[in-house]
Structures are given as structure tokens and as C-alpha cells.
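Naming: A, B, ... by sequence-line order, numbering from 1 per chain.
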Amino acid sequence: MTPDQFIAKWQASTLKERSAAQEHFIDLCRLLNEPTPAEIDPNGEFYCFERGAKKTTGSDGWADVWKRNCFGWEYKGKRKNLNDAFVQLHRYAPALGNPPLLIVSDMEQIIIHTAFNGTVPDKYSLALEDLRNPDNLRLLKWAFTEPERLRPKLTTAVLTEKAARQFGELAQTLCERGHDTQQVAHFCQQILFCFFADDIGLLPNKLFGKLLEIGQQRLEHLPPTLTNLFNTMATGGFFGNDPVDWFNGGLFDAASPLPLTRNDVKLLRELAQLNWSAIEPSIFGTLFERGLDPNQREQLGAHYTDPASIMRLVNPVVLDPLREEWRLQQAAITKLVDKIAARKSKVNKAISTASTAKLTTKLVEDIREIREKARDAETAAQRQIAKRCRDFLMRLQNFRVLDPACGSGNFLLLALRGLKDLEHEVILDAERLGLPASFPKVGPENVLGIELNIYAAELARVTVWIGEIQWMLNHGFSLAKNPILKTINIIDQRDAVVNADGSEPNWPTADVIVGNPPFLGGSKKRSVLGDDYFTALETIYAGRIPAGADLVTYWFEKARTQIELEKANAAGLVSTNSIRGGANRQVLERICKTTTIFNAWSDEPWINSGAAVRVSLICFGNTKLKPVLNNAEVAAIYADLTAGSIEAGSDITTAKPLIENANACCMGASKKGAFDIAGNLARQWLTLPNPNGKSNAIVLRPLCNGIDLTRRDRDVWIIDFGIDISENDAAFYEMPFTYLTEKVKPIRENNNRESYRRYWWRHAEARPGMRSALKYLYRYIATPTMAKYRNFSWLNVTVLPDQQLIAISRADDTTFGILHSRFHELWSLRMGTSLGPTPRYTPTTTFETFPFPIGLTPANTGGAIETLESGAIIPTVAAEYRDHAIAIAEAAFQLNQLRENWLNPPEWIERQPEIVADYPDRIIPKPEFSAQLKQRTLTNLYNKKPAWLVNAHVKLDQAVAAAYSWENDAAELNEAEILQRLLALNLARKKEN
DNA sequence: GATCCGACAGTGT
DNA sequence: ACACTGTCGGATC
């Protein structure tokens with residue numbers, strides 16, 4: 001068929017839709033040289049007429065023509081409203097597998113709507129005459145073969161970003177002009193909603209766009225005109241000659257348009273050109289992050305969560321369980337359908353048997369009875385099917401999702417969309433079963449929010465409503481009007497964890513709780529939130545949440561309580577990843593006691609306006625779903641968000657501090673002030689006399705912090721007046737004292753703590769305990785609190801450990817070796833907390849819980865030491881453990897020696913005695929090697945991991961394994977097995993109380 | 001100029 | 001008196 005023939009035939013045709021549609025389509029196939037459905041898919045599996053025509057209503061199928069992954073195609077009679085056809089296609093798109101193209105035709109024109117996910121829809125209208133143009137024919141052909149070619153370039157994300165950027169500029173301009181940020185926010189939302197309403201036809205005749213056009217000419221009229229429009233929208237009525245719907249929802253209640261400049265209006269008119277109907281409402285959040293004042297930006301920013309992360313919570317908490325429920329219903333329904341079919345075949349069989357038999361009255365009667373019974377059974381079954389569908393739809397309609405920290409409403413928006421999608425699927429499934437089509441009832445009522453920030457709360461309302469309207473229009477449903485925005489109070493503007501009067505707030509009953517509550521570290525709570533708020537938190541949550549816990553944990557505890565009180569079924573919340581350890585973990589432990597963590601992502605990167613926070617996503621509550629951790633099914637999820645078996649004694653979070661490890665490990669001195677000075681300044685002072693005749697060496701010593709150990713020694717010294725020198729005595733050390741008077745005193749005098757203010761010349765936490773523990777040693781073991789690798793080093797006892805070092809008061813190589821073994825490394829990584837990706841070593845959780853090999857625990861190694869022939873030093877231990885002590889010490893000694901030689905090759909350095917006799921030698925690089933020496937850091941060494949280092953560690957690990965008596969089953973010693981064995985040892989030993 | 005990697009000081013127990 | 005905690009800035013590639 002040629003284009004001319006096609007056009008001629010269909011211009012002349014007066015056939016009505018039903019009779020002509022298929023003929024038109026087949027002609028079109030001939031024109032495009034495409035196969036017809038019957039030619040390539042006689043069974044109608046992927047390409048057919050009347051898809052979904054199984055419906056009992058007797059009317060159309062879901063589409064007149066359907067080609068999988070290409071299009072749904074709907075015909076209407078000539079000059080009938082094509083929009084109706086489009087609406088129908090939209091509605092059934094999910095049942096058609098969401099084809100990328102929705103095509104409607106009245107045989108005179110063909111309109112192709114693109115419907116690719118996440119793109120701004122395009123529309124192509126082709127009249128009959130247009131088919132003479134080969135370009136248009138090619139376009140149609142693509143619809144059949146390569147629909148991807150019609151994919152719009154513009155994605156909703158790009159459109160949204162563009163709109164948000166420009167809109168943000170406007171907001172910023174308005175703020176800079178001195179307008180109140182809240183007014184700016186409110187005004188911007190009104191405008192935003194008007195753009196949206198204009199584009200989807202909620203405002204008649206593109207009213208708002210026209211108004212801006214006029215406004216550009218007559219600027220002074222714009223504010224009163226806008227006021228007028230907003231007021232009309234608030235109540236419904238007429239704006240000039242145009243009828244305006246009643247919008248309500250609070251958005252237009254307080255009309256207070258801000259004065260706009262000519263430039264603003266120009267910008268607005270540019271913005272009006274964008275396709276706002278395809279806007280992604282979640283821009284509302286990002287929109288107001290920009291332009292508004294920094295404090296607000298921070299608060300709103302804290303609530304911005306990207307959609308993928310949101311769905312990681314919404315799916316397991318909201319949608320998966322409901323899908324599972326519906327799957328079970330469907331299974332039950334299938335059984336009923338089978339039953340009906342079985343009855344029918346029984347009847348048929350009876351009839352066919354009867355037809356061969358002799359017809360008697362009794363037989364007639366029997367058949368009648370069988371038929372009736374079958375009919376009754378069918379009716380009953382149908383009724384049951386209908387009831388199951390109805391009940392489930394009712395369940396969806398009554399389902400409530402609460403976001404108690406809803407910010408700009410993104411969680412609620414996505415939860416609502418998910419629920420609406422599910423409801424729609426169920427409605428279509430029900431139609432397929434022969435039930436009448438029902439109107440979707442899930443809507444903004446299904447989501448509830450609590451939000452303190454007044455802009456965010458308003459933002460959330462608008463976000464949810466736009467989401468609702470978009471969904472309805474995109475699925476071919478008309479909007480419920482009068483008002484368009486119902487004033488149902490879905491967002492509660494208040495504090496979610498503390499009431500104004502200091503009491504505990506109630507949360508509304510809901511099926512599930514989701515959200516991204518604000519993060520604020522325990523020690524920052526008081527200063528950021530204020531004393532009153534802090535006290536209120538402390539009072540309300542006494543015994544439930546330790547005061548040192550992150551602010552985020554209050555939402556977890558509240559949600560847990562709601563579940564315990566049966567006011568919610570499950571919760572899915574975002575948290576900082578530090579919830580896995582320290583004081584924060586107690587909250588998860590509590591959750592594990594009363595309910596179950598059934599889905600979690602333990603440590604995910606998070607982009608949040610530049611903050612380098614890492615997060616955990618945690619779902620807990622009543623569920624039938626199997627536990628899933630980091631997208632893998634596991635037997636159980638523990639409070640530290642690790643996987644484990646459900647057997648008792650396998651949860652490593654149950655490990656407790658051991659009595660034998662007490663008093664051997666402590667934090668270094670916490671100076672809190674600029675007590676540190678350059679080495680050369682210290683050396684200069686050491687040459688100066690003091691009026692009391694004492695050397696400055698008494699109060700000056702080298703300082704060592706994490707950087708000194710993991711990188712190169714910075715040669716920093718410290719002014720250290722110890723734990724009991726009085727201010728008067730300190731003053732005799734002239735230079736150091738004067739220095740502190742200038743650099744430290746002014747700051748320390750303003751400290752929050754009385755003792756820090758009073759003893760300003762001493763380190764704030766001078767660590768008397770540590771000092772006495774180290775007193776009789778000549779060296780001690782140190783490890784950086786925060787470091788990429790868990791390394792231990794020897795320090796001369798004259799060196800003061802900074803608070804960033806953990807000091808272990810042992811001088812023997814055996815203890816050094818055990819600590820440096822793989823066993824302790826794994827234990828400390830697992831038991832310790834982390835800051836971002838960097839693990840942190842803490843005395844109580846990593847050291848005190850660690851089960852040393854029997855006979856070699858800190859309780860056994862605190863006594864005398866003995867130097868071996870090699871130079872290695874062992875502790876004096878019971879005879880039966882001596883061999884192990886020696887083996888470990890030799891391996892550790894060698895490891896340390898190799899490492900020292902690599903860090904400071906004798907060929908590259910000079911050792912120079914320090915100016916004070918007992919102090920460690922200075923290491924001076926030979927000038928020609930100083931650049932190379934700079935690279936010789938412990939972190940670099942372990943980044944490289946040369947073979948000799950690995951070998952030395954293997955040897956050490958073997959010696960330590962032997963001390964544990966694990967040398968014979970080395971093959972079984974994978975990470976999990978080691979941790980299990982260590983945990984078993986810990987649990988078997990005596991705990992501290 | 002991006003990436004790596006620990007700091008410092010506040011505050012709870 | 002002891003210890004834990006957060007996320008920005010300096011060093012380095």
C-alpha cells in the first residue's frame with residue numbers, strides 16, 4: 001500500500017471504530033511494511049489485537065493493539081475525543097507491561113505519546129496528509145521496531161535540576177533583597193504550584209503564564225493581581241472571566257506576593273516555558289536548600305534523602321510485606337478460580353454422560369441439581385474472590401505510613417507512589433478476575449508526617465499533593481475537586497521527640513514508620529540544642545537512651561516503643577553509621593530485645609551537601625520477611641548490624657570487658673589547649689636557667705600523637721606540668737609558663753568546666769592513672785586511636801602519649817606480639833567503632849574485651865621482664881606458658897626490628913643524642929635521603945605490604961595461634977571462625993562488673 | 001585539586 | 001577521673 005492509497009482510503013472512510021480499527025491498523029502495517037499481529041504472533045503473546053479483552057464488561061480490552069515493549073494502541077471513532085483513548089491507555093499501561101509508547105488514533109490522525117520512565121514526555125501528532133512525508137513514516141516504523149529512538153532527550157531529573165537552579169536563583173534574589181525567608185519560601189511555593197497547575201490545566205487557559213506576560217508590561221499591577229489570583233485559588237471562584245477551582249490546602253490561604261522586578265518576571269517567564277507537569281516534586285527539598293539562609297539550608301539539607309536510599313527503606317517496610325500479602329490472596333483466589341473450573345467441567349461431564357444415556361425424569365432432575373449446585377458454588381466463590389479483592393483494597397486504603405521527621409516529604413511522596421502503584425495493580429488484577437473497575441482510593445490521607453521546621457512542613461504538604469495529582473493524571477484518572485487540595489492534616493508541624501512543655505510527644509498510630517531523622521552526635525547535643533532541650537531529652541528518655549547517644553537514636557527508640565505498644569508494625573529509618581557502636585548501640589540492642597532488625601544496610605556512603613557522613617539504613621519490627629543485610633539474606637542481624645546465626649553465644653555484641661585486662665590500657669593525656677611547641681623551641685628553652693634552679697627538662701618532653709606514629713615524627717614537644725604542680729611552682733619555669741599564660745590561659749579560662757578553668761596550666765585530663773601505670777617501665781606500647789591500620793609501636797616512657805594514642809603499659813614483646821596479631825586486629829576492627837571509613841580503637845570495647853591467650857593475659861604480664869639472647873623481651877609467666885611467650889616475643893621483636901629498619905634505614909639517617917640525657921635519640925635524615933625518608937611512614941608501608949612484612953606477620957600469627965592452641969586447625973581460621981572462637985573465650989572468662 | 005587520613009575539644013559517665 | 005565522639009582541615013599524591 002502506498003501513502004496515497006492509504007490516505008485516500010481513510011479520508012473517505014466513515015466506518016465506526018470497532019469495525020474499522022483493525023482494518024486501519026492492518027493497512028498501516030502494509031503501508032509501513034510491518035507484519036500484522038496474526039502474521040507473526042498468532043497466539044497473541046506479544047503482539048495482538050484486543051489485549052486484555054478477557055474482561056467481562058464486554059467493552060474494550062486494555063488496548064486495541066498491543067506490541068510488547070513497543071506500544072499500546074487505542075482507537076476512537078472519527079472525531080471522538082482522542083484524549084479519552086489516551087486516558088484509557090494510561091490506566092491500563094501497567095497491565096500492558098508499561099510500553100514506552102502510548103498511541104491513539106481516530107483513523108484521521110495518529111498521536112504518539114512517549115512514556116519512558118524518568119523522561120519528560122514527548123508527543124507526535126500525525127495527520128493523514130503527514131504520511132506523505134517519509135520522515136513521519138520512519139517515525140511510525142520506529143514505533144513498531146525501535147521505540148528507543150523516540151526516547152526523549154530530556155529526563156525529568158535534568159528538567160528538575162534546571163528548574164530548581166533557576167528557581168533557587170529567584171529565591172536567593174528575593175532573600176538578598178531583605179525579604180523574610182519564610183515569606184520567600186511560601187511565595188516560591190505558591191508560584192511553583194501555579195506553574196504546575198498551569199501546565200496540567202488545573203488553571204484555565206494557561207492563566208498564570210498570561211498573567212506574567214501582562215505583568216512584565218505593567219509591573220506595578222503584578223502584586224495586586226497575584227494577590228487576587230491567590231485569593232481566588234484559596235476559595236474558588238472567578239478570576240476575571242476565567243473560572244478558577246478551589247485549591248485550598250493552606251497553600252493559598254495567606255496571599256502575600258512579594259514585589260518583583262522586571263528581571264524577576266523575565267526569569268519567571270522563562271521558567272514558565274518549562275514542562276512543570278513532569279517536574280519531580282522532590283526538587284522542593286533541594287530547591288529550598290539553595291538561596292535561603294545558611295541555618296535553614298543546613299536543617300533542610302539534613303532531611304534531603306535521595307530516592308534510591310528512600311526506596312531501600314520503603315520497599316522492605318511498606319511495599320514488600322503488602323506485595324507478599326497480595327500474593328497470598330492471589331494464591332487463594334487462584335484456588336477458588338480452579339474450583340469453579342473444576343465444578344464446570346464436572347457439570348459438562350455429567351451432561352455429556354447424560355447425553356448418551358436414556359433420558360429419564362430423574363436424570364433431568366439430577367442434572368438440574370448439579371447445575372444449580374455448581375451455580376451456587378460459583379456465586380459463592382465469586383463472592384469470596386470479590387471479598388478478598390475488596391478487603392485487600394480496603395487494607396491499602398487504610399494503610400498509614402508515618403514519617404516522624406518528614407522534612408520536605410520525600411519519604412512520604414515515594415511511599416504514597418508505591419502504595420498507589422500497588423493499589424492500581426490490584427485493581428487491574430481484580431478487573432481481570434471480572435470484578436468491576438474501582439476508583440483508586442489511596443491518596444495523601446495514607447501518609448502522615450511530623451516536621452518541626454515550618455517551611456519544610458509546608459513543603460511536604462505541597463510535595464505530597466503534587467505527587468498525588470501527577471500520579472492520578474499519569475494513570476488516566478480525573479482529580480477529585482472542590483477542593484483540589486484537601487486540608488486533611490497530613491503533616492503535623494511540631495517536634496517529634498520533645499513537646500514544648502518538656503513531656504514526651506505522642507506519635508499517631510500508623511502501620512509503618514519511615515524516615516531520615518536528623519543526626520547530631522551525643523557530645524554536640526547540649527551545645528547545639530540548648531540546655532533546656534537537652535534536659536528534656538534526658539528526663540523523658542532516662543533509662544531508655546544514654547545521654548551520649550546521637551540525636552537520631554531518639555527516633556529509633558520512639559519507633560521501637562510504637563511497635564511495642566502495637567501502634568506500628570515496623571519501622572525503617574536512616575541513621576549515621578555510628579549507631580552501630582558505642583553508646584548509640586544500646587538503642588539498637590534495645591530494639592533487638594523487643595523486636596527484630598529484618599533489613600539493614602550497615603555502612604553506606606551518603607552525599608549530603610558536602611558532609612562526609614556515612615549512614616546505616618535499618619528496618620525493624622514485626623515481619624514475616626527473612627532478614628536481609630546489605631542485600632544478602634542472613635540468619636539474623638545483630639545490634640552492631642553484622643550478620644550472624646540465631647544460636648546463642650554467636651552475637652559478638654554480647655562480649656564484655658574482662659577482669660584480667662583491667663588497668664593495662666588507657667587513653668593518652670588530653671591537653672585541651674596549645675601546650676605543644678616545636679622541638680627546636682623546646683631545645684632552646686632547655687638551655688635557659690630558671691630562678692628555682694631547676695631545669696626546664698622537668699616540664700618539657702617529646703609528645704607523640706597518631707600522626708607521629710602513622711606518618712613521620714613531627715618533632716613536637718609538650719609543656720607538661722604533670723598532675724600536681726601548683727600554679728606558683730609552675731611559674732618558676734619561666735619560658736614555658738609565660739608561653740602558657742599567653743596561649744592557653746585565655747582559652748581555658750573560658751571553658752565550660754570549672755576544673756579546666758581552675759587548673760589551666762595543667763593538661764585538662766592529665767591521666768594520673770596512666771602516669772602511674774607507666775612509671776616503672778622504660779617503654780610502652782602505643783596505638784593511634786584513629787588509623788587506617790591497626791598498628792602498635794614502642795614508645796620511650798619519656799614521650800608523652802597524646803590523647804589520640806592509646807597507651808598499653810607493658811614493655812614485653814609478647815604482649816606487643818599478641819596485640820599485633822591478626823586475632824587482635826580482627827577483634828578490634830569488629831568491636832571498635834569507626835569514624836567514616838576509619839576504624840577507631842577504644843580501650844573498653846576493643847582492648848578490655850579481648851581474650852588474650854591463657855597465661856599471657858595482661859594480668860599475667862604485669863610483672864618482671866626478662867631479656868632473651870636475641871634482645872627480645874618476655875614477661876615472667878608461669879612455666880607452661882613460657883615457650884609461647886618466647887615464640888611470640890621473638891616473632892614480634894623481629895617484626896618490629898624489620899619495620900624500624902625500613903622506617904629509618906641506618907644508611908639514611910644519623911642518630912643524635914637528645915639534649916636531655918634519658919630522652920630518645922633524635923633521628924636526623926641525611927640531606928640526600930630526606931625526600932625518600934619522608935615516604936617511609938607506617939601507613940605507606942602497610943599500603944604497600946611488601947612480602948617481608950607479610951611473612952613477618954604470618955610468623956607472628958602462627959606463634960599467637962599456637963598460644964591459643966589453634967595451630968593444628970589453621971585452615972579453619974577464617975575471619976568469622978576467629979571471631980567466634982574469641983567470643984567463646986570471652987564469654988567463658990570472668991567479666992568486670 | 002582530589003583524595004587520604006587523622007585532629008581537637010566538648011561532654012557523658 | 002576516665003573515656004568516647006564527631007567531619008573538617010592539612011598533607012600528600
Side-chain angles (χ1 to χ4, degrees), chain A residues 298 519-529 531 534-535 537-538 542 545-553 576-586 605-606 608-615 657 662-663 665-676 703-712 714 716 723 744 747-748 750-757 759 762-773 783-789 791 802-807 832-848 931 934-935 937-940 942-943:
Chain A
E298 199 180 309
F519 310 163
L520 187 66
S523 55
K524 291 189 167 179
K525 275 189 307 191
R526 190 186 283 281
S527 53
V528 174
L529 303 173
D531 286 343
F534 184 85
T535 313
L537 281 177
E538 221 178 5
I545 297 178
D550 195 289
L551 185 62
V552 81
T553 58
T576 150
N577 69 345
S578 56
I579 197 164
R580 297 173 297 169
N584 293 329
R585 181 155 80 207
Q586 293 181 28
W606 197 247
N608 189 352
S609 49
V613 165
R614 291 179 73 85
V615 299
N663 306 322
C665 174
C666 35
M667 280 179 70
S670 182
K671 51 197 196 310
K672 303 199 203 302
F675 290 80
D676 49 331
L703 175 73
C704 184
N705 72 3
I707 285 181
D708 291 316
L709 289 187
T710 57
R711 299 177 199 170
R712 301 293 301 185
R714 300 164 305 157
V716 170
I723 55 172
V744 174
I747 296 162
R748 277 283 280 276
N750 285 318
N751 193 283
N752 253 343
R753 273 188 185 182
E754 215 273 329
S755 65
Y756 290 5
R757 292 195 295 271
Y759 303 104
R762 295 183 200 154
H763 299 164
E765 302 295 348
R767 307 279 175 224
M770 175 196 77
R771 285 165 196 260
S772 58
T783 189
T785 310
M786 298 276 323
K788 187 175 178 186
Y789 300 106
N791 284 319
D802 179 87
Q803 71 160 4
Q804 284 300 100
L805 291 191
I806 305 298
T833 56
S834 63
L835 186 53
T838 316
R840 175 171 357 223
Y841 195 83
T842 49
T844 54
T845 57
T846 58
F847 182 92
E848 288 175 16
K934 264 192 175 169
Q935 308 302 315
T937 73
L938 215 45
T939 302
N940 279 346
Y942 279 83
N943 278 340

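- Set against dC8(B), dT5(C), dG6(C), the side chain of T833(A) has dT5(C) as its closest nucleotide.
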For nucleotides 9-13 of chain C, print each protein N/O atom paired with a nucleotide N/O atom at under 3.5 Å, atom names and distance only.
unit_1  : atom_1 : unit_2  : atom_2 : d
dC13(C) : OP1    : Q935(A) : OE1    : 2.6

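- To the nearest 0.5 Å, atom CZ of residue R711(A) and atom CG of residue N705(A) are 9.5 Å apart.
- Comparing dG6(B), dC8(B), dA3(C) by their nearest atom to the side chain of Q803(A) picks out dC8(B).
- Along DNA chain C, the nucleotide nearest to G769(A) and the one nearest to G521(A) differ in position, and the one closer to the 5' end is contacted by G769(A).
- Within 4.0 Å of T785(A), counting heavy atoms only, lies no atom of the nucleic acid at all.
- Considering only side-chain atoms of L835(A), the nucleotide from dC2(C), dC8(B), dG6(C) that sits closest is dG6(C).
- Nearer to the 5' terminus of DNA chain C, by closest-nucleotide assignment, is the contact made by P768(A) (compared with the other of P768(A) and D550(A)).
- With dG6(C), dG6(B), dC8(B) as the choices, the nucleotide that has an atom nearest any side-chain atom of R840(A) turns out to be dG6(C).
- Taking every side-chain heavy atom of C666(A) into account, dA3(C) is the closest of dA7(B), dC4(C), dA3(C).
- Remark: C1' of dA1(C) and CD of E754(A) are 15 Å apart, rounded to the nearest angstrom.
- With sequence neighbours excluded, no residue forms a ring-ring contact (aromatic ring centres under 6.0 Å, His included) with F534(A).
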| field | 5'-to-3' dot-bracket of DNA chain B (Watson-Crick, G-U; under 3.5 angstrom; crossing pairs as [ ]; | other strand) | value | ||||||.||||||
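- Partners of A549(A) according to the side-chain contact (heavy atoms from CB on, under 4.5 Å) rule, which considers only residues two or more places apart in sequence or in another chain, are I545(A), P546(A), T553(A), N584(A).
- Between the side chain of R757(A) and the main chain of N751(A), a donor-acceptor pair closer than 3.5 Å is present.
- Using bins of under 30°, 30° to 60° and over 60° for the plane-to-plane angle, the ring pair F675(A)/H763(A) lands in the perpendicular bin.
- With K788(A) contributing its side chain and Y942(A) its backbone, the two residues share no donor-acceptor pair below 3.5 Å.
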Any N/O pairs under 3.5 Å between the protein and nucleotides 11-13 of chain B? List them or say none.
unit_1  : atom_1 : unit_2  : atom_2 : d
dT11(B) : OP2    : N752(A) : ND2    : 2.6
dT11(B) : O4     : R753(A) : NH1    : 3.4
dT11(B) : O4     : Y756(A) : OH     : 2.8
dG12(B) : OP1    : R526(A) : NE     : 3.3
dG12(B) : O3'    : G548(A) : N      : 3.3
dG12(B) : N7     : R753(A) : NH2    : 2.5
dG12(B) : O6     : R753(A) : NH1    : 2.7
dG12(B) : O6     : R753(A) : NH2    : 3.3
dT13(B) : OP1    : A547(A) : N      : 2.8
dT13(B) : OP1    : G548(A) : N      : 3.4

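- E765(A) is linked by a side-chain contact (heavy atoms from CB on, under 4.5 Å) to S670(A), R753(A), Y756(A), R767(A), counting only residues two or more places apart in sequence or in another chain.
- Looking at heavy-atom distances under 4.0 Å, D676(A) makes no contact with the nucleic acid at all.
- The N943(A) side chain lies nearest to dC5(B) when the options are dT5(C), dC2(C), dC5(B).
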